[in-house]
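Comments concern the structure below.
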Amino acid sequence: ENSNNVTIIRSNFLMNTDYRGWLILILGIQTIGLVGSLLFIFKSKLNFYYKFFIIFITIFLLLTTGFIFLLVFSLRNGIGF
């Protein structure tokens with residue numbers, strides 16, 4: 001018999017390796033968390049230099065994560081440049 005014709009009963013993660021949906025979800029949650037952290041840092045009463053350093057790092061992470069989120073979201077199937 002020919003063993004190359006395999007009937008797929010149900011799809012699993014080994015057959016479908018498209019994880020863009022999970023990536024968009026995780027990057028979206030991370031972006032929301034960074035925005036929340038930024039708002040929390042702005043309202044906190046920290047030393048000016050310490051606060052400035054944390055805000056700078058958080059804004060850098062927010063811009064990087066936001067750019068990757070928008071890039072992945074815009075290049076998924078059905079939506080493109």
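Worth knowing before you read on, the calculation uses all heavy atoms, side chains too, and leaves out hydrogens, waters and symmetry mates. Just so we're clear, the structure is a prediction, and the values are computed from it rather than from any experiment.
- Of the residues Ile26, Thr31, Leu25, the one that meets the side-chain contact (heavy atoms from CB on, under 4.5 Å) test with Ile29 is Leu25.
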Under 3.5 Å, which donor-acceptor pairs do the side chains of residues 63-70 form with other protein atoms, sequence neighbours left out?
from	atom 1	to	atom 2	distance (Å)
Thr64	OG1	Phe60	O	2.9
Thr65	OG1	Leu61	O	2.8

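- Phe42 is linked by a side chain to side chain contact (heavy atoms under 4.5 Å, CB included) to Leu38, Ile55, counting only residues two or more places apart in sequence or in another chain.
- Applying the side chain to side chain contact (heavy atoms under 4.5 Å, CB included) test to Phe53 and every residue at least two apart in sequence or in another chain returns Ile57.
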